[in-house]
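Worksheet: the structure to be examined is printed underneath.
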Amino acid sequence: MPELPEVETVARGLRQTILGRRILSIRLGKTDFIDDPAALEQHLPGRRIDAVERYGKFMLLRLSETLSDELAAESRAANEKMASASKAAPTTATPSLLVHLGMTGQLAPAPAAQPHQKHTHVWMTLDDGRELRYTDPRRFGRIAYIAAASLAGELTDFGADPLEVTCEEFAARIRTRRARIKALLLDQSVLRGVGNIYADESLWRAKLHPARLGVQLNARQAETLRKVLQDILRKAIAMHGSSISDFLDADGEPGEYQRHHRAYGREGKRCYRCKTPIHRTMVAGRSSYFCPKCQPAPRMSRQHRRRSR
DNA sequence: CGTTGAACCTGTTTGC
DNA sequence: TGCAAACAGGTTCAAC
């Protein structure tokens with residue numbers, strides 16, 4: 001379900017509904033998608049939700065310190081005064097609940113009296129009588145309690161924010177690589193937040209075949225790709241994401257961006273630019289939709305041709 | 001460095 | 001109608 005625009009939609013919704021609420025207690029169902037279930041039970045009760053951030057496809061619920069944490073925070077602050085020079089830490093450290101929605105995850109508050117869904121596996125009682133619930137049929141998501149001291153380390157292996165990445169950095173991350181452009185767009189250590197839908201949509205707009213190699217893009221093509229990707233992500237966020245089957249925003253409304261898809265899910269339908277039927281093939285292990293005319297296949301290299309003969 | 005395929009799960013759609 | 005296969009917005013890991 002969720003890529004950057006959908007996760008951003010959920011995060012914005014939660015900011016409206018649960019910011020400042022305190023978690024009184026927590027109840028768990030199946031826990032195989034939770035890093036350390038006992039840590040949740042031990043550390044969440046009593047904490048206030050002070051902020052909801054998005055990091056790639058992850059949501060970060062920033063939690064208040066407890067008394068014992070505040071003591072630790074004091075000594076930490078003292079240490080940081082000494083050595084605050086070289087930190088890759090993209091964020092201020094706070095105890096946090098890390099949530100990834102996987103393919104089918106939902107995180108939303110509900111009145112405690114409301115019957116829960118079949119696949120709800122986490123219930124967090126809030127101080128206003130509601131419950132913050134996590135529901136995920138496939139359990140491909142991930143939930144983890146992260147202590148303040150571990151937060152920076154948890155966020156290290158991520159690439160650039162696609163909405164903020166500069167022309168120079170984007171080119172450096174793409175044009176040096178021999179992997180397929182589709183694989184690079186999906187690689188969270190290259191760019192954080194792009195998934196299958198927005199990869200295909202941006203490649204269609206940039207007229208690039210998904211199997212083109214990163215190194216094969218010239219500077220102009222890379223810059224076009226960056227620009228269309230940002231434009232698509234911004235518009236998708238404005239329209240509350242794409243609802244293919246079951247994604248709903250905080251108000252229970254589906255997103256609207258699926259109506260603007262030009263490639264994803266359109267196999268056999270005609271290209272909006274040239275009327276050629278859209279093709280679907282597997283690239284980087286994922287269904288990839290593209291226009292065979294607007295997005296011509298890359299020319300095989302000499303070695304590749306020799307081998308496949 | 002890269003790619004591929006399988007695995008993790010459940011639900012829905014497609015095809016015979 | 002029924003049943004099996006294919007497929008799904010994600011990530012990870014082994015094998016090559």
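Numbers restart at 1 for each chain; the letters A, B, ... are given by sequence-line order, proteins then strands.
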Remember a base hit wins even if backbone is also touched, and classify [X] as base, sugar-phosphate or nothing at under 4.0 Å, heavy atoms.
| X | value |
| --- | --- |
| A/S243 | base |
| A/Y289 | sugar-phosphate |
| A/R177 | sugar-phosphate |
| A/G195 | sugar-phosphate |

* Whole-Å distance between C/dG9 P and A/L248 CG? -> 18 Å
* To do: Rounded off to whole Å, could you give me the CD1-to-C1' distance for the A/I244 and B/dT13 pair?
  => 14 Å
* Within the modelled atom types, does a donor on one side and an acceptor on the other bring the side chain of A/R139 and the base of B/dC9 under 3.5 Å apart? -> no
* **C/dG9 base / A/S245 side chain donor-acceptor hit below 3.5 Å** => yes
* To do: Would you please determine if the base of B/dC8 is stacked by A/F140, with stacking meaning a centroid separation under 5.5 angstrom and planes under 30 degrees?
  => yes
* Hey, what's the ring geometry for A/H119 with A/H121, parallel, tilted or perpendicular (30° and 60° as the breaks)? ->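 Plane angle between 30° and 60°, so tilted.
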* To do: Could you check whether the rings of A/H43 and A/Y145 sit parallel, tilted or perpendicular, using 30° and 60° as the cut-offs?
  =>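 Answer is parallel, since the angle falls under 30°.
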Taking the [atom1] atom in each of [N] and [M], what is the distance between them to the nearest angstrom?
| N | M | atom1 | value |
| --- | --- | --- | --- |
| B/dA6 | C/dA5 | P | 15 Å |
| C/dG2 | B/dC9 | P | 30 Å |
| B/dT14 | C/dG9 | P | 14 Å |

Without swapping roles, check the side chain of [X] against the backbone of [Y] for a donor-acceptor pair under 3.5 Å.
| X | Y | value |
| --- | --- | --- |
| A/R62 | A/T92 | yes |
| A/E169 | A/C167 | no |
| A/Q230 | A/K227 | no |

Is there a side-chain polar atom (N or O) of [X] under 4.0 Å from OP1 or OP2 of [N]?
| X | N | answer |
| --- | --- | --- |
| A/H119 | B/dG11 | yes |
| A/R138 | B/dG11 | no |
| A/Y264 | C/dG9 | yes |

* Asked: When you match A/L186 and A/M282 each to their closest nucleotide on DNA chain C, which lands nearer the 5' end?
  -> A/M282
